[in-house]
Amino acid sequence: MPKRSPKNSSSATSDKGKNQRRNKKPARKRRGLGTLLLFWPFALWQKITSAFPLIIKLPLRLIGHPAILALYALIPMSLFYYARARQFDMGKVAEMPERSIVLDRRGVELGRIHGEKRDIIKFSEIAPDFLSAILAREDERFFAHGGIDWIGFGRATLRNVKDKSMTQGASTITMQLARNSYRLQSETLSFSHMMQELDRKFLEIAVSYRIEANYDKEEILQHYVNRIFWGHSIRGIEEASRTYFEKHAKDLTLSESALLAGIVRGPNAFSPFKDLENSRYERDSTLQRMVDANVLEQSEADIAKAEPIEVRPEWRRVFHDSWAMDSVRRELERILEDENIEFGGLQITTTIDSLIQKKAEEALDQHLRKFERAGGYRHQTRAQWLDLPEPRPVPEYIQGSVVVIENLTGAIVATVGGRDADESKFNRASQAKRQIGSTFKPFVYLAAFDDGLRPDTLVSDDPLRRGEVRGAGGWSPSNSDGKFLGMQPASTGLIRSRNTMSVRIGNFAGIEDVKDIATSVGFERELAGDPTAFLGTLDASPEELASAYTVFPNRGERYPPRLIAEIRNRDGGIEYQNHQIPYEAVKPGSAWTTSRILHQVMEQGTGASVKRLGFNKPCAGKTGTTNDYRDAWFVGYTSSLTCAVWVGMDTPKKTIDRGYGSVLAMPVWAEVMKTADRLGYKADGLDSQLSFKDCRICRVSGKRATPACEAAGEAYSDSIPVDLLPADTDICLQHVEEDLTQSGKRPPKAIPIDQVPTDDEAPMAIPVDEPPPRAIPVEEEIPRAIPVDP
């Protein structure tokens, strides 16, 4: 048998190897670690579905792989929006601007101010029917989800895709709270509205999860209903309930609850103040949704649907301003930071007594209406102004102001800046600066008492002579009755408001001393440097004048006026307290001496008609009337309160003929003080607690009497406050004992205070036939004689 050649054997072996290599499967390439980590979800899903038949496996993979791919995109997105959501302070959810409540001294609400028109209330203070209604309307599965209702979200997404719009948001209550609490819209995406809305929605979802993690469901619902907008600047369920139904949120009926829940989606469009039928439709649809949600029986819904809708009547929807609230706003701007004012939520306790405030407003307007109806009134009446078509011009009818201050605290008990705060925003109580007329004279006399004048010191009421009064030149004012009474006790000059006597007494005190007194008692404007100032040419507000007069019942002390007693924040902490510290404005003895004369003014002087007006309690005060009856004043006090009343035209002009302070202003004062007395602000005696000492005084000089004064019959005994007691060496030098012993006759009458002509010819001297540089206050004549003390 022939042997194979080596060549053939080798060839056969080679072919066999090739065939083996051809039939062998190629080795799989090993996957890297990064690939396994990145795509293991796909591999895992492949392995899980590999055991299924092809008919099941294929759909599962077609759905699963895109889902896994979406998950890959969702994870970084979640981390991105979670990081952005972490920037928001969760405490802001519970913080929201609300109105600050203003209370009077009795705790009665005067009004609400600043912040947003909202009252924040607790979950327990909300009617259960309303909570059920708002959940049925806005988020039926609120207590079941964790902030996002994915069922509703999916439904809304499909609808948006179908409609090619972003109209469906599927927002839960938590998501709405997130949107209402924070600014979530990105300005960097403003180039695309769709991108901006998508970004906002994703961020809203992330923030909602954070809210759910920080608050329980009841807290979330409480914050949500406190934030909701209900139209007409109304925010929060409590303010909505008060505005629409005039009741607290806890007292809402089922019908009212459904209506408020129903109009949330379009509060201005569906407001019952604008469209009652639309409101009824929203109420009924909400009731039906409550039935569908199994929180209400159909029979209960039918009963509620049948109920009539009764909302606040139209005439009570208009917000009426008040002078007290106007003053509070001005005061808050002075004492609080802007951010505290704007955020609101404060409880502001004022010194106002709402009962006296109301009486002061009513008394002023009613009294002035009488004069508008009387003959001789030639100006616009308030009734005529109200008849003018809208928009009305600035009122030109007669105006007035009332300010009441508590003596021993400086607390403003009432402040009225005009006849109606809705018709004029000019607050005459604090902003108007008008000549105060003869109401300034007590301060002139007070300065003279400081310098040694006594009430029984004789002063001339004769016409002034050229050069007699420093800086007056030939000016000689007349008295309102056109008469001159000769020598009179100084007190008569104040009781009967004698101009000539008051100028002489002011000259005795000196203009600089009178200026110092005016500044010390609180007048803001500097007193003029000429003698007309002694008659009341100073401009001041009613509040200034009332505060200045408190030094008389307070024995020289003055408490600066205050309107706000205390401010508390929403947590009850004290933000501000106002405890005014008094200071000695004038000498106690001089204040008491002046006060005693002002009491006589009310007994027998220009204020004596107060008894005919029905006020018979101990009081003191002074009328004031400027020339041509442009300003009528009365300011008076009891042991508890001081009250200033002004009446006049905003543009100074004659009010009425004989428009004296006792006619136009005093009746208002009497009505206010009668009410105050009934409310417990007692008008007790005006007795002093000062120390006194008896002393013999000369009636002519006001100094300690000498034997010559006794011999002349001009000495008398006086009980003098110790701080005004003349020094032992301060004796009268006007009576010369030698004249009496030599002639055996009564010495001649002493020259009255400062009647001796001076050499003062100041450049401001006024000729007799020319008027003084400023209008001269006048005073009403007292028809009956005033007895002069012996």
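Fair warning: this is a prediction, and the values are worked out from it, not measured in the lab. We count residues from 1, following the sequence as given.
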**Request:** Step by step, work out the side chain to side chain contact (heavy atoms under 4.5 Å, CB included) result for Q176 and Y224.
**Result:** CA-CA 8 Å; Q176 292 182 54; Y224 171 71; 3.0 Å; yes
**Message:** As an exercise, state the distance from CZ of R434 to CG of L538, rounded to the nearest 0.5 Å.
**Reply:** 13.5 Å
**Request:** For side chain to side chain contact (heavy atoms under 4.5 Å, CB included), just list the numbers for W669 and L613, CA-CA rounded to whole Å, side-chain angles, deciding distance to a tenth of an Å, and then say yes or no.
**Result:** CA-CA 10 Å; W669 184 92; L613 297 170; over 6 Å; no
**Item:** Salt-bridge contact E372-R382 (side-chain N to carboxylate O under 4.0 Å)
**Value:** no
**Prompt:** Are a donor atom and an acceptor atom from the side chains of T243 and H232 found within less than 3.5 Å of each other?
**Reply:** no
**Message:** Applying side chain to side chain contact (heavy atoms under 4.5 Å, CB included) to L368 and Q399, what does each step give before you reach the verdict?
**Reply:** CA-CA 8 Å; L368 295 184; Q399 285 285 1; 5.9 Å; no
**Message:** Rounded to the nearest 0.5 Å, what separates atom CG in L260 from atom OG in S279?
**Reply:** 9.5 Å
**Message:** Does Q431 have more than 12 heavy atoms from other residues, nucleotides or ligands lying within 6.0 Å of its CD?
**Reply:** yes
**Request:** Evaluate the side-chain proximity of L545 to W633: yes if any heavy-atom separation is below 4.5 Å, no if none is.
**Result:** yes
**Message:** Keeping S520 on the side-chain end and V586 on the backbone end, is there a donor-acceptor pair under 3.5 Å?
**Reply:** no
**Asked** Would you find a donor on one side and an acceptor on the other, under 3.5 Å apart, between the side chain of T350 and the backbone of L103?
**Response** yes
**Request:** For residues Q384 and Y397, determine if any side-chain heavy atom of one lies less than 4.5 Å from a side-chain heavy atom of the other.
**Result:** no
**Item:** Residues L252, K247; criterion side chain to side chain contact (heavy atoms under 4.5 Å, CB included); working and verdict
**Value:** CA-CA 7 Å; L252 288 169; K247 60 174 63 175; 4.2 Å; yes
**Item:** Nearest atoms (heavy-atom pairs only) where P393 meets L388
**Value:** CD-CD1, 3.8 Å
**Message:** The criterion is side chain to side chain contact (heavy atoms under 4.5 Å, CB included); which residues satisfy it with R105, sequence neighbours excluded?
**Reply:** T351, D353, E406, A411, V413, Y681
**Electrostatic pair R558-E584, nearest N-O below 4.0 angstrom** = no
**Asked** Between Q347 and V102, is there a donor-acceptor pair closer than 3.5 Å when you use the side chain of the first and the backbone of the second?
**Response** no
**Message:** Assess whether a salt bridge exists between R317 and E314, defined as any Lys/Arg side-chain N lying under 4.0 Å from an Asp/Glu carboxylate O.
**Reply:** no
**I574 atom CD1, over 12 foreign heavy atoms within 6.0 Å** = yes
**Check: L386 and E423 side chains under 4.5 Å, non-hydrogen atoms** = yes
**Residue among R112, R242, E239 satisfying side-chain contact (heavy atoms from CB on, under 4.5 Å) with K117** = E239
**Request:** Using side chain to side chain contact (heavy atoms under 4.5 Å, CB included) as the criterion, list what pairs up with R183, not counting sequence neighbours.
**Result:** E187
**Asked** Hey, are the side chains of R137 and V264 touching, using non-hydrogen atoms and a 4.5 Å cut-off?
**Response** no
**Prompt:** Are K122 and E125 close enough for a salt bridge, meaning some N to O gap below 4.0 Å?
**Reply:** no
**Asked** Does the side chain of Q357 come within less than 4.5 Å of D104's, by heavy atoms?
**Response** no
**Prompt:** Judged by modelled atom types alone, do E218 and Q222 share a side-chain donor-acceptor pair under 3.5 Å?
**Reply:** no
**Item:** Under 3.5 Å: donor-acceptor pair, side chain of D539, backbone of Q435
**Value:** yes
**Message:** Restricting to non-hydrogen atoms, name the atom on D275 and the atom on A269 that form the minimum distance, rounded to 0.1 Å.
**Reply:** CB-O, 4.2 Å
**Prompt:** Can a salt bridge be assigned to the pair E95 and K92 using a cut-off of 4.0 Å between side-chain N and carboxylate O?
**Reply:** yes
**Asked** Any sub-3.5 Å donor-acceptor pair from S640's side-chain atoms to A683's backbone N or O?
**Response** no
**Asked** How many angstroms lie between CD1 in I567 and CG in N578, if you round to the nearest 0.5 Å?
**Response** 9.0 Å
**Prompt:** Can you find a side-chain donor-acceptor pair between E566 and Y576 that sits under 3.5 Å?
**Reply:** no
**Message:** When you measure from the centre of the six-membered ring of W385, is the NZ or CZ of R392 closer than 6.0 Å and no more than 45° off the axis?
**Reply:** yes
**Request:** Scan side-chain atoms only and decide if E256 and T253 contain a donor-acceptor pair under the 3.5 Å cut-off.
**Result:** yes
**Item:** All salt bridge (Lys or Arg N to Asp or Glu O under 4.0 Å) counterparts of E543, not counting sequence neighbours
**Value:** none
**Prompt:** Side chains of E246 and P313: does their closest heavy-atom pair fall under 4.5 Å?
**Reply:** yes
**Message:** Could you check whether any side-chain N or O of S424 sits under 3.5 Å from a backbone N or O of D420, counting only pairs where one atom can act as donor and the other as acceptor?
**Reply:** no
**Asked** How many angstroms lie between atom CD1 of I173 and atom CG of N180, to the nearest 0.5 angstrom?
**Response** 11.0 Å
**Message:** What I'd like to find out is whether the side chain of M649 reaches to under 4.5 Å of the side chain of H379, using heavy atoms alone.
**Reply:** yes
**Asked** Is there a donor-acceptor pair under 3.5 Å between the side chain of R428 and the backbone N or O of F426?
**Response** yes
**Request:** Not counting sequence neighbours, list each pair that qualifies as a ring-ring contact (aromatic ring centres under 6.0 Å, His included) and has a residue in residues 548-568.
**Result:** F443-Y549, F443-F552, Y549-F552
**Asked** Who pairs with R118 by salt bridge (Lys or Arg N to Asp or Glu O under 4.0 Å), at least two apart in sequence or on another chain?
**Response** E116
**Asked** Between S639 and D684, is there a donor-acceptor pair closer than 3.5 Å when you use the side chain of the first and the backbone of the second?
**Response** yes
**Prompt:** What do you reckon, is CZ of R316 surrounded by more than 12 foreign heavy atoms closer than 6.0 Å?
**Reply:** yes
**Message:** So does T638 get a backbone contact from the side chain of N407, meaning a donor-acceptor N/O pair under 3.5 Å?
**Reply:** yes
**Fill in**
ring-ring contact (aromatic ring centres under 6.0 Å, His included) pairs touching residues 233-255, sequence neighbours excluded, are Y244-F273
**Request:** Please determine if D129 and K250 form a salt bridge, counting it only when a charged side-chain N lies under 4.0 Å from a carboxylate O.
**Result:** no
**Message:** Within this structure, what is the CG-OG distance for the pair N427 and S327, rounded to the nearest 0.5 Å?
**Reply:** 4.5 Å
**Prompt:** Counting only N and O atoms by type, is there a donor-acceptor contact under 3.5 Å from the side chain of D677 to the main-chain atoms of M673?
**Reply:** no
**Message:** Using the ring centroid of each side chain, check whether W646 and F634 are separated by less than 6.0 Å.
**Reply:** no
**Prompt:** Do V551 and E557 have side-chain heavy atoms sitting under 4.5 Å apart?
**Reply:** no
